Amino acid sequence: MTVLQKNISKIQCLDLNRQHESIKSEIFTAFEEVYDQTAFSGGSFVENFEKDFAGFCRTRFAVGVNNGTSALHLALLALGIGPGDEVIVPANTFIATAWAVTYAGATPVFVDCREDTWQIDAEKINEKITTKTKAVIGVHLYGQPFDVAAVSQTCESNGLYLIEDAAQAHGALYKKQAVGGFGEMGCFSFYPGKNLGAYGEGGGITTNNEEYYTHLLSLRNHGCVVRYYHDEVGYNMRMGGLEGASLRIKLKYLPSWNNRRREIAKLYQEQINNPKIKMQFQPSWADSVYHLFVICTEDRMDLQRYLNEHNIHPGFHYPVSCHLQKAYSTLNYQQGDMPHAEYLASHCISLPMYAEMTEEEVSRVIEVLNLY
Ligand SMILES: Cc1ncc(COP(=O)(O)O)c(C=O)c1O
């Protein structure tokens, strides 16, 4: 159906190689220092990153851990959430948001997203609150902040904790303020493909509360403050030195990488004019860092086939809404319970999005989509 030339090189959803090529000498120099000091677990490379990351998020403290799921898990434990408690989470998120609640022994209670922003719907939280509800985890999904004021207000008026899942939103701004400092704690993932990704797995928790901070330091390190004296059941969820060292280097570049993602998103938003493509609404108070650029279309498998034919390889985030995942079948949710999240799950497709995309590649994606 199109006259577009097909023999151009592959455009992937994400290509980490290019970023690696641009920083590898700096990374390898830092790795040599980690090896020379045999600082493989915790230590100064992690501590220096923690200080820098807290500064970046404008919070008093940051705690490095082994991945983003652990960050959420430990945040819940630090709040004393456990068996018998309920935690409200959006149905439209990566499953790890809900896993953390399950790992803490509590029950995730799913709430639908808004039809326009695709983020947690603050108005629907109220109807999910019971005497067992202890917290809400809001997710800054795809890199776009959720409506923090609306969700915070619901939390405050019902005596609930707010945790931010900022796993996809390092550097995103809500009303010009960095995410990660609005709730009791902000939880980040440094999975390699994230806007700020480690050379390895990683996660982090930001907070302004010193009590949580000291508790988190103990929880991530076998429940001890003094070595071999275990005051509570703890975990081995420490961050590694190689991860800390690589993250500290990459953090310097993050603002420019995020700005490049914003530029690409603007081009997509302004130049994709195919009425078959629906985009996420961007409220004026949300300054997204576009971890993902998700669109919706009626027949996304057909769009995937078409894009693949033109050597463009999209992703799906996420094809099954959390409340309908088999792992949570015992919670007895039904198809139709969360209409907006279910619509997204069956119509979403993610366009290529990473800071190193060339102008030519971005134009190519736009051109191909406009001819669909
Ligand atoms: C929204 C969200 N929450 C939590 C996580 C969990 O992070 P990790 O994969 O580092 O455990 C992710 C990572 O993909 C995520 O996207």
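The first residue of the sequence shown is numbered 1, and numbering continues consecutively from there. The shown structure was predicted, so the numbers you read here are calculated from the model rather than taken from an experiment. Just follow the structure's listing: the first ligand is 1, and inside any ligand the first atom is 1.
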Exercise. Does Arg114 offer a backbone N or O that forms a donor-acceptor pair with the side chain of Thr117 under 3.5 Å?
Worked result: no
Problem set entry | Residue, atom name and distance, where the atom is the protein heavy atom closest to atom 11 (O) of ligand 1 | Thr69 OG1, 2.5 Å
Problem set entry | atom 16 (O) of ligand 1 - nearest protein heavy atom and its distance | Gln168 NE2, 2.8 Å
Problem set entry | Tyr235 backbone acceptor or donor facing Arg220 side chain under 3.5 Å | no
Seminar exercise, completed: Only residue of Val89, Leu141, Val139, Val179 satisfying side chain to side chain contact (heavy atoms under 4.5 Å, CB included) with Asp165 is Val139
Problem set entry | Numbered atoms of ligand 1 (with element) below 4.0 Å of Val139, judged on heavy atoms | 1 (C)
Seminar exercise, completed: So the atoms of ligand 1 within less than 4.0 Å of a heavy atom of Ala96 turn out to be 4 (C), 5 (C), 6 (C)
Exercise. Nearest protein heavy atom to atom 9 (O) of ligand 1, by residue and atom, and its distance?
Worked result: Ser189 OG, 4.0 Å
Seminar exercise, completed: In ligand 1, the atoms that come under 4.0 Å of a heavy atom of Thr93 are 1 (C)
Seminar exercise, completed: Separation between CE (Met279) and CD (Gln269), nearest 0.5 Å, reads 6.5 Å
Problem set entry | Under 3.5 Å: donor-acceptor pair, side chain of Ser346, backbone of Glu342 | yes
Problem set entry | Protein contact to atom 13 (C) of ligand 1 [nearest heavy atom, distance to 0.1 Å] | Lys194 NZ, 2.9 Å
Problem set entry | Proximal atoms of ligand 1 relative to Gly68 (non-hydrogen, under 4.0 Å) | 6 (C), 7 (O), 8 (P), 10 (O), 11 (O)
Problem set entry | Protein heavy-atom partner closest to atom 12 (C) of ligand 1 - residue, atom, separation in Å | Phe94 CD2, 3.5 Å
For this session: Determine the interplanar angle of the Phe110 and His323 rings, folded into 0 to 90°, and report it as parallel if under 30°, tilted if 30 to 60°, perpendicular if over 60°.
Result: tilted
Seminar exercise, completed: protein heavy-atom neighbour closest to atom 15 (C) of ligand 1 works out as Ala167 CB, 3.5 Å
For this session: May I ask you to list the atoms of ligand 1 that are less than 4.0 angstrom from any heavy atom of Thr97?
Result: 3 (N)
Problem set entry | Side chain, backbone, both or neither: the part of Asp165 lying under 4.0 Å from ligand 1 by heavy atom | side chain
Problem set entry | Asn158 side chain vs Thr154 backbone, donor-acceptor pair below 3.5 Å | yes
Seminar exercise, completed: Rounded to the nearest 0.5 Å, the OH atom of Tyr372 sits from the CG atom of Asp299 at a distance of 5.5 Å
